[in-house]
Amino acid sequence: DGGITQSPKYLFRKEGQNVTLSCEQNLNHDAMYWYRQDPGQGLRLIYYSQIVNDFQKGDIAEGYSVSREKKESFPLTVTSAQKNPTAFYLCATTRGPRYEQYFGPGTRLTVT
Amino acid sequence: AQSVTQPDIHITVSEGASLELRCNYSYGATPYLFWYVQSPGQGLQLLLKYFSGDTLVQGIKGFEAEFKRSQSSFNLRKPSVHWSDAAEYFCAVGAANFGNEKLTFGTGTRLTIIP
């Protein structure tokens, strides 16, 4: 069954701790994306990767880091440097620039 | 840089009534345009997309959208809404050139359906 898996669905952390969000896909898509969603602000791009071992900063990359060691996986680390990490995080994939993006179910991160 | 404006933050319509959600985009060349729908706490689902060709595109769940280049708009329509259409709707624009695969999303329109 093809798709995008994000785990966990809900994540709770204490302030000052780094946390890693998982995104796995079996769609064989080359490009993967991380978005942050806050109420009233739509989706904002954090990082994206068009190929293994390569990634680019999006519009709000500060306080986040990523890796792309495998085509199937694009984990996002929210570091303690991210000033306001509580948000809903969405992972997406696409076959290429002329195709739509497919989204995972999201991870809601709460930092207190 | 590309941008998307969804001027309506929240729309309320009666079940069975028609619906139009507005989307205006800014992009220098031919854009790729998308409408997505999101239920609370879920990911986004693609409703429809415009790449080229016929400016009236049909999507899933009875939705359609019309690309109007002269107005830089890509409004979403449905002739008769159902209670299950209550959700948040996002318009997005993508660049039509290779090497730039980013989408820019609008801030969304929340749709409420009343009986």
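For B/Gln58, the CD atom sits in a packed shell: over 12 heavy atoms of surrounding residues, nucleotides or ligands are nearer than 6.0 Å. Heavy atoms from other residues, nucleotides or ligands lying under 6.0 Å from CD1 of A/Ile51 number 12 at most. Within a 6.0 Å radius of NZ in A/Lys14, no more than 12 heavy atoms belonging to other residues, nucleotides or ligands are found.
Under the rule for a side chain to side chain donor-acceptor pair (under 3.5 Å), the partners of A/Arg68 that lie at least two apart in sequence or sit in another chain are A/Ser49.
Contacts between A/Leu90 and chain B at a heavy-atom distance below 4.5 Å involve the side chain alone, from C-beta outward. Heavy-atom distances place no part of A/Gln56 under 4.5 Å from chain B, backbone and side chain included. Heavy atoms closer than 4.5 Å to chain B are found in the backbone of A/Gln41, but not in its side chain.
Linking ILVMFWY side-chain heavy atoms closer than 4.5 Å, directly or via other members, places A/Phe74 and A/Val52 in two distinct hydrophobic clusters. Under the 4.5 Å side-chain heavy-atom criterion for grouping Ile, Leu, Val, Met, Phe, Trp and Tyr, A/Tyr89 is connected to A/Val66 within one hydrophobic cluster. Cluster membership check: B/Leu21 shares its hydrophobic cluster with B/Val57, using side-chain heavy-atom separations under 4.5 Å among Ile, Leu, Val, Met, Phe, Trp and Tyr. Hydrophobic clustering (ILVMFWY, side-chain heavy atoms < 4.5 Å, transitive): A/Trp34 and A/Ile4 are in distinct clusters. The cluster map of Ile, Leu, Val, Met, Phe, Trp and Tyr, joined by side-chain heavy atoms under 4.5 Å apart, puts B/Val37 and B/Ile9 in different clusters.
Within residues 103-112 of chain A, the residues having any heavy atom under 4.5 Å from a heavy atom of chain B are, by residue number, A/Phe103, A/Gly104, A/Pro105. For residues 66-78 of chain B, heavy-atom neighbours of chain A at less than 4.5 Å comprise no residues at all.
Expressed to the nearest 0.5 Å, how far OH of A/Tyr35 lies from CG of B/Leu44 amounts to 9.5 Å.
Screening residues 42-53 of chain A for salt bridge (charged side-chain N to carboxylate O under 4.0 Å, His left out) gives A/Asp38-A/Arg44 as the qualifying pairs, with residues at least two apart or on separate chains.
A distance-only check finds no donor-acceptor pair linking the side chain of B/Lys102 to the backbone of A/Tyr48 [under 3.5 Å].
Your options are B/Gln42, B/Glu88, B/Gln6, and the one with the most heavy-atom pairs under 4.5 Å with chain A is B/Gln42. Comparing B/Arg110, B/Gln38, B/Gln45 by how many heavy-atom pairs each has under 4.5 Å with chain A, the most go to B/Gln38.
The shortest non-hydrogen separation linking B/Tyr36 to A/Gln101 is OH-O, 2.8 Å. Heavy atoms only, all atoms of each residue included: A/Gln37 and B/Phe90 are closest at NE2-CZ, 3.2 Å.
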